[in-house]
Each structure stands twice: as C-alpha cells, then as structure tokens.
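Below is one structure, written out as structure tokens; comments come after it.
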Amino acid sequence: MKHLIDIKSLKNDEILEIIELAKYYEKNVPLGTQKKKQKGSVALLFFENSTRTRFSFEMASRKLGFDVFNFEAQKSSILKGEGFFDTLNNLNAIGCDIAVIRHSREGFIEELAQKNYSYGLSLINAGEGKSAHPTQALLDFYTLNKHLGTLEGKKIVIVGDIVHSRVAKSNIELLSRFGAQVVCCSPDYFEDWTLEHIKYEPNINIALKDADAVMGLRIQKERIENNVPYAQYIADYQINEKNMPDSAILMHPGPVNRDVEISSTLLDTKGEIIIEQPRNGVFVRMAVLDLIFEGVQR
Ligand code: CP
C-alpha cells in the first residue's frame with residue numbers, strides 16, 4: 001500500500017491482510033525493537049477534533065517503534081501562508097514517512113495524494129468531511145468479525161445521521177462487500193440516496209428486529225446548518241433498552257452523545273463493545289501503518 005484514502009481504493013484481499021495483521025498485533029504487542037531497526041516517522045495532522053483516532057494512531061505508531069510527531073497548525077507556518085502540499089513536502093524532507101491527515105474538505109486527501117513528494121511521502125485518511133473514514137470502517141469490520149465471525153448474511157443496522165457521517169459511508173461500502181445485509185434507519189432529513197448498497201427502514205422497531213449488530217451514529221452538529229428537532233429524534237430514533245435486541249451487539253464509533261443517539265442506561269449496561277472498538281483500532285492502525293511503511297521507498 002502506498003496511501004490509504006478510502007475503502008474503494010482497497011481490494012478485498014488487502015482488507016483481509018490488514019485484518020490478519022491486526023489479529024497478530026492484538027496477540028503480539030509490542031513488536032518494539034525489531035521494528036526500531038527500520039524506524040519509520042509518522043506525522044499526525046488533525047485539522048478537525050479527535051480523541052480516539054489521533055490517540056490510537058499515536059499509540060499504534062509507538063507500539064511499532066515508530067517516531068510520532070503531532071503537527072500543531074496554529075503554531076505552524078501554515079499561518080504564514082504556506083500551503084498544504086509544501087507543508088507536507090517539507091515534513092517529508094525532514095524525515096516523516098507517513099502523514100495521517102484529518103480534514104473537513106471532501107476529496108482533499110486524494111488531491112494531496114496525487115502530488116509528487118520529494119521523498120515518497122505516504123498519506124492515510126484519518127477522517128475526511130462527510131466522505132470517508134477508512135480506518136474506522138476497518139476497525140469496525142475487525143470488531144464485527146471478532147464477535148459475529150463471517151459477515152455473510154449478517155444484519156447490521158446503522159441508526160442515525162447517515163448523510164453527514166463519513167463512518168457510515170465507509171462502513172456501508174466495506175460491510176456490503178463482505179456479504180453483510182446493511183440496513184440504515186434514520187429520519188428522512190438524515191437519509192442519503194446517493195449511496196450505493198443503501199437500504200432504509202425508517203421505523204426503528206422494524207429495523208432492529210433480528211439485527212446481529214446495531215451501530216449508532218452521532219448527529220454531526222458541526223456539519224448541519226438547519227436545526228435538528230432533537231426531542232422528536234430522540235423519541236423516534238434513540239437506541240435504548242426498549243428497542244435494542246438482546247442478541248445483537250451494540251456499536252458506536254464515538255464520541256457518543258449520551259441520551260441522544262443511545263440512552264445512558266443502555267450504554268452503561270450493554271456498551272462494552274463501544275469501548276472495545278477504539279482498542280481494536282490500535283491493532284488495525286498498527287497493521288495499516290506497518291503495511292504502508294513496508295511500501296515506503298526512500
Ligand atoms: N471515531 C472517531 O473518529 O472518533 P474521534 O473523532 O474521537 O477520533
């Protein structure tokens with residue numbers, strides 16, 4: 001792998017290679033000294049807020065023995081007018097092999113990946129606008145595999161703000177490719193009919209019936225111009241102890257807004273996998289960083 005921009009750019013066997021390597025890392029951390037011999041350097045450039053993704057990329061880099069640097073835009077020369085490509089190219093020249101980028105503009109990371117970097121910089125999309133969050137989808141796939149085995153024919157219900165969610169987009173694409181029956185449940189103002197493989201069921205009780213996994217989504221306030229009718233949304237679409245099937249697993253990419261998309265009672269009694277997801281994210285991101293670093297030619 002040279003870059004990781006979106007799920008579309010990954011073949012199924014590459015996805016499975018990431019998952020197998022993540023399984024190895026889950027049982028064999030830290031690799032430490034072996035990797036330190038061919039030390040990589042990772043730059044984290046987050047232009048939108050993050051807790052899980054930024055920390056787990058940092059943790060994954062350290063566990064691999066890589067050096068990791070947090071880019072602080074407010075203290076950088078971007079404020080003196082330097083563009084993103086020149087910034088990345090200079091970081092590459094200084095010694096960064098991989099740039100992990102989160103940004104609000106859709107298509108931006110792909111645009112940056114098309115440039116020629118002087119020392120062969122690789123880019124990883126760590127969440128871009130409403131369009132893609134590939135490592136989140138990979139860690140969700142990893143988590144689903146651990147709990148459900150093969151996804152062939154499994155019913156995965158994604159509840160909430162589909163149209164503004166990069167997590168939903170990457171997950172719908174990846175999980176459908178591996179045979180899952182993905183059902184989206186949301187009010188019409190959160191539907192996105194431009195997506196492939198999309199199936200909606202607006203009634204949450206019908207949607208959640210016979211689900212194997214239920215994935216809640218945060219309402220993406222920062223990407224919504226109109227007011228969301230929260231009270232009505234909670235009444236109709238909150239995942240709670242009344243509508244959550246006992247046999248299904250409960251997931252959420254985080255951050256969870258308690259008592260909005262999931263009730264606090266359900267979160268505190270059935271939310272253990274939501275806390276396992278970011279942990280799995282470390283192993284999956286180790287696998288991605290490792291496979292990309294293998295391809296780094298300097
Ligand atoms: N799931 C996720 O991307 O969380 P953060 O925004 O905290 O990184």
Side-chain angles (χ1 to χ4, degrees), residues 4-7 10 18 22 42-63 68-73 98-106 108-109 123-147 156-175 182 184 190 213-224 239 249-258 260-262 267 271-289:
L4 175 55
I5 307 301
D6 52 24
I7 295 297
L10 288 174
I18 292 168
V42 179
L44 306 179
L45 299 94
F46 278 64
F47 296 94
E48 282 192 338
N49 293 358
S50 171
T51 298
R52 279 147 289 271
T53 312
R54 189 169 67 79
F55 269 74
S56 63
F57 265 113
E58 183 159 350
M59 184 64 77
S61 303
R62 289 185 193 282
K63 280 180 185 286
V68 58
F69 301 90
N70 272 290
F71 180 81
E72 293 180 69
I98 302 173
V100 176
I101 304 176
R102 173 169 286 192
H103 200 273
S104 59
R105 184 149 77 76
E106 280 117 51
F108 186 50
I109 300 169
L123 306 185
I124 299 177
N125 179 347
E128 184 190 71
K130 298 178 282 191
S131 62
H133 194 347
T135 58
Q136 179 69 43
L138 288 164
L139 78 87
D140 289 342
F141 181 50
Y142 184 84
T143 305
L144 285 160
N145 274 171
K146 269 176 78 172
H147 290 274
I156 318 285
V157 186
I158 305 179
V159 183
D161 181 2
I162 306 290
V163 71
H164 302 105
S165 171
R166 53 195 175 209
V167 174
K169 313 263 164 61
S170 291
N171 262 319
I172 291 165
E173 184 172 354
L174 193 159
L175 303 179
V182 181
C184 295
F190 284 154
V214 177
M215 195 182 287
L217 295 175
R218 182 176 68 87
I219 296 174
Q220 304 271 307
K221 286 184 288 234
E222 67 276 29
R223 301 184 215 286
I224 302 175
I239 306 164
I249 61 169
L250 178 64
M251 298 174 68
H252 191 298
V256 180
N257 284 313
R258 282 177 175 263
V260 180
E261 60 265 19
I262 301 179
L267 196 62
E272 67 276 5
I273 293 171
I274 293 173
I275 280 297
E276 189 194 313
Q277 283 172 266
R279 181 171 176 76
N280 291 337
V282 176
F283 311 127
V284 167
R285 288 171 176 131
M286 286 174 82
V288 168
L289 286 167

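Side chains included, hydrogens not; waters and symmetry mates left out as well; all remaining heavy atoms used. When a ligand or atom number is given, it counts from 1 through the structure's own listing order.
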Discussion item. Among all protein heavy atoms in this structure, tell me which lies nearest to atom 6 (O) of ligand 1, with the distance rounded to 0.1 Å.
Written reply: R102 NH1, 2.9 Å
Discussion item. Under 4.0 Å from a heavy atom of G254: which atoms of ligand 1 are those, numbered in the order shown and with their elements?
Written reply: 1 (N), 2 (C), 4 (O)
Discussion item. Just checking R258: does its CZ atom have more than 12 heavy atoms from other residues, nucleotides or ligands closer to it than 6.0 angstrom?
Written reply: yes
Worksheet, complete the sentence: ligand 1 atoms nearer than 4.0 angstrom to some heavy atom of T51 are 5 (P), 7 (O), 8 (O)
Worksheet item: Looking at atom 1 (N) of ligand 1, what's its closest protein heavy atom, distance included?
Response: P253 O, 2.8 Å
Practice prompt. May I ask you to check whether over 12 heavy atoms, not counting those of M59, lie within 6.0 Å of atom CE?
Written response: no
Discussion item. Polar contacts were defined as any N/O atom of the residue lying under 3.5 Å from an N/O atom of the ligand; does this apply to H133 and ligand 1?
Written reply: yes
Worksheet entry | Test item: N125 side-chain N/O and D6 main-chain N/O as donor-acceptor pair under 3.5 Å | no
Worksheet item: Is there a heavy atom of G127 sitting under 4.0 angstrom from any atom of ligand 1?
Response: no
Worksheet item: Can you tell me how far CD1 of I172 sits from OG of S165, rounded to the nearest 0.5 angstrom?
Response: 8.0 Å
Practice prompt. Answer yes or no for Q277: is there a heavy-atom contact with ligand 1 below 4.0 Å?
Written response: no
Worksheet item: Counting each atom of ligand 1 from 1 as listed, which ones have a heavy atom of T53 under 4.0 Å away?
Response: 2 (C), 3 (O), 4 (O), 5 (P), 8 (O)
Discussion item. Please list the nearest protein heavy atom to atom 4 (O) of ligand 1 with its residue and the distance rounded to 0.1 Å.
Written reply: R52 NE, 3.1 Å
Worksheet item: When the ring planes of F283 and Y142 are compared, do they come out parallel, tilted or perpendicular, using 30° and 60° as the limits?
Response: tilted
Discussion item. With a 4.0 Å cut-off on N to O distance, would you call K169 and E173 a salt bridge?
Written reply: no
Discussion item. Between H133 and R102, do the side chains contain a donor N or O and an acceptor N or O under 3.5 Å apart?
Written reply: yes
